[in-house]
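Report on the following structure.
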Amino acid sequence: MPRGPLVRGWRCRCNSWRVFVLDTVAKGVETELTRFFATARLRATDYGEHYVALWDSLEQASSGGKRVRPALVLAAYAGFGGRDQALVSPVAVSFELLHTAFLIHDDVIDRDLARRGVANIAGRFNDRALAHGAATDQAGVWGTAAAILAGDLALSEAHRALAKLPVDVRTRLRLLDLLDRAVFVSAAGELADVTNSSAKHPLTVAEVIATLENKTAVYSFEAPLQAGAVLAGASAEAIRLLGHYGRLVGVAFQLTDDLLGVFGDPVKTGKSVTADLREGKQTALIAHAGGTQSWSLIAPYLGKIDLSDEEAERAREHLRACGAKAAAEGLAYDHSRLAVETLNPAIIPRDLRASLIELAETAVNRVR
């Protein structure tokens with residue numbers, strides 16, 4: 001999948017977007033998160049050791065990520081002239097906690113006890129229950145309950161962080177509306193993702209794209225960028241363009257994520273390359289393959305719970321041969337290119353535009 005630069009004369013600097021993320025977030029978001037969890041843990045001591053352990057687990061769940069969403073909030077805010085770090089940090093934290101809540105609830109939906117090889121909240125509380133003498137079925141209830149509650153707590157704080165901002169009422173309501181829409185649309189996307197897995201036939205490419213846009217692109221890219229711009233007082237047209245860019249680059253990112261879920265290097269991605277095939281996950285790869293003569297060769301491997309590594313490799317060979325891999329890569333690149341084309345240089349400030357062009361390039365040229 002590496003292709004040419006998305007803008008003529010511009011060359012990708014492989015790790016510079018990650019450097020940008022880390023440098024930006026280091027200015028306040030981590031401090032804000034640490035303060036929040038310290039205060040919550042202190043409050044939790046009034047309600048018993050298990051509740052303290054729940055907050056410890058929630059803090060762990062929120063740590064270790066790339067912090068892309070808060071970085072986008074901060075980048076848009078700074079790009080339009082925002083300079084008040086104390087004001088923007090809670091907004092950035094809000095979208096990171098929203099992300100944490102969705103990951104936790106997603107693991108509950110998928111009945112997973114680990115994420116990237118490490119016990120998640122459900123897994124930690126499942127083990128905690130067993131250590132306290134609970135039976136296996138009771139341990140499962142502990143795990144599920146803890147994960148649902150932790151996700152709820154993170155989601156609640158995401159809204160509270162915006163509600164407490166010392167800004168005018170109009171700005172606060174606009175930010176809350178962005179967060180509300182992100183939750184509302186993402187819930188629709190998550191439900192579609194679950195119900196799509198039971199489809200008897202492959203989805204169309206358009207249906208796959210719609211699900212990716214709703215489940216991830218809106219809350220991960222569109223809303224954080226728009227929130228930062230709103231807080232900085234950007235124009236309505238700039239906010240609209242950032243939303244359009246965010247949806248497109250978010251889809252490009254997820255299309256690439258699905259490609260890595262089948263063709264990636266597990267050592268680099270930290271993900272299985274058979275799990276999506278075993279699940280029968282409806283991706284652009286499958287949508288394309290479903291319209292080819294190779295579908296009858298691929299279909300038996302999808303949703304096969306006991307799919308072996310050898311069978312998975314045969315499925316990958318068929319997906320390559322029928323053009324599904326190339327088509328999905330092209331689709332990801334097209335979305336990335338279109339995202340860049342929305343960044344009107346007369347409206348989007350130069351430094352912000354440069355960073356967003358780089359993000360679009362990185363979205364489709366990555367190994368993890």
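Numbers here are sequence positions counted from 1.
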Within the structure provided, determine whether [X] and [Y] are in side-chain contact (heavy-atom separation under 4.5 Å).
{"X": "Leu356", "Y": "Leu242", "value": "yes"}
{"X": "Glu59", "Y": "Leu33", "value": "no"}
{"X": "Lys325", "Y": "Phe263", "value": "yes"}
{"X": "Asn196", "Y": "Thr211", "value": "yes"}
{"X": "Lys281", "Y": "Ile286", "value": "no"}
{"X": "Tyr77", "Y": "Asp84", "value": "yes"}

> Pick one: which of Asp110, Asn120, Asp107 meets side-chain hydrogen bond (donor to acceptor under 3.5 Å, both in side chains) with Arg115?
Replying inline: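 Answer after filtering Asp110, Asn120, Asp107: Asp107.
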Is it true that [X] and [Y] have a side-chain N and a carboxylate O under 4.0 angstrom from each other?
{"X": "Asp306", "Y": "Lys304", "answer": "yes"}
{"X": "Arg314", "Y": "Glu317", "answer": "no"}
{"X": "Asp257", "Y": "Lys271", "answer": "yes"}
{"X": "Arg174", "Y": "Asp177", "answer": "no"}
{"X": "Arg337", "Y": "Glu361", "answer": "no"}

> For Ile298 and Trp295, what are the C-alpha separation, side-chain angles and deciding distance, and is it a side chain to side chain contact (heavy atoms under 4.5 Å, CB included)?
Replying inline: CA-CA 5 Å; Ile298 297 168; Trp295 178 241; 4.2 Å; yes
Quick check for you: to the nearest 0.5 Å, what is the distance between [X] atom [atom1] and [Y] atom [atom2]?
{"X": "Leu58", "Y": "Ile104", "atom1": "CG", "atom2": "CD1", "value": "5.0 Å"}
{"X": "Ile109", "Y": "Glu190", "atom1": "CD1", "atom2": "CD", "value": "4.0 Å"}
{"X": "His318", "Y": "Leu297", "atom1": "NE2", "atom2": "CG", "value": "4.5 Å"}
{"X": "Phe37", "Y": "Ser62", "atom1": "CZ", "atom2": "OG", "value": "3.5 Å"}
{"X": "His288", "Y": "Thr204", "atom1": "NE2", "atom2": "OG1", "value": "13.5 Å"}
{"X": "Leu178", "Y": "Ile239", "atom1": "CG", "atom2": "CD1", "value": "8.0 Å"}

Could you tell me which non-hydrogen atom of [X] sits nearest to which non-hydrogen atom of [Y], and how far apart they are?
{"X": "Ala101", "Y": "Ala154", "value": "CB-CB, 3.9 Å"}
{"X": "Ala223", "Y": "Ala182", "value": "CB-CB, 4.1 Å"}
{"X": "Val167", "Y": "Arg172", "value": "O-NH2, 2.9 Å"}
{"X": "Leu255", "Y": "His335", "value": "CD1-ND1, 4.2 Å"}
{"X": "Leu175", "Y": "Ala227", "value": "CD2-O, 3.5 Å"}

> Would you call the rings of Phe102 and Tyr219 parallel, tilted or perpendicular, where under 30° means parallel and over 60° means perpendicular?
Replying inline: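 Rings of Phe102 and Tyr219: perpendicular, as their planes differ by over 60°.
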> Going by the angle between their ring planes, with limits at 30° and 60°, are His50 and His132 parallel, tilted or perpendicular?
Replying inline: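 Geometry flag for His132 against His50: perpendicular rings.
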> Taking atom CZ of Arg320 as the centre, does the number of heavy atoms from other residues, nucleotides or ligands within less than 6.0 Å exceed 12?
Replying inline: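 Result for CZ/Arg320: enclosed.
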> Should the heavy atoms of other residues, nucleotides or ligands under 6.0 Å from CD of Glu49 be counted, would the total exceed 12?
Replying inline: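 Atom CD in Glu49 is packed in, count exceeds 12.
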> Is there a side chain to side chain donor-acceptor pair (under 3.5 Å) between Thr283 and Asp276 once you walk through the steps?
Replying inline: CA-CA 9 Å; Thr283 65; Asp276 285 357; over 6 Å; no
>> For Trp55 and Phe36, I'd like to know if the aromatic rings sit close, meaning centre-to-centre distance below 6.0 Å.
In response: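 When the ring centroids of Trp55 and Phe36 are compared, they turn out to be within the sub-6.0 Å range.
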>> As a test of understanding, state which of Arg69, Arg240, Arg247 forms a salt bridge (Lys or Arg N to Asp or Glu O under 4.0 Å) with Glu222.
In response: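 Checked Arg69, Arg240, Arg247 against Glu222; only one passes salt bridge (Lys or Arg N to Asp or Glu O under 4.0 Å): Arg247.
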> Checking Arg278 against Tyr301: charged group under 6.0 Å from the ring centre and within 45 degrees of the axis?
Replying inline: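 Pair Arg278/Tyr301 does not count as cation-pi.
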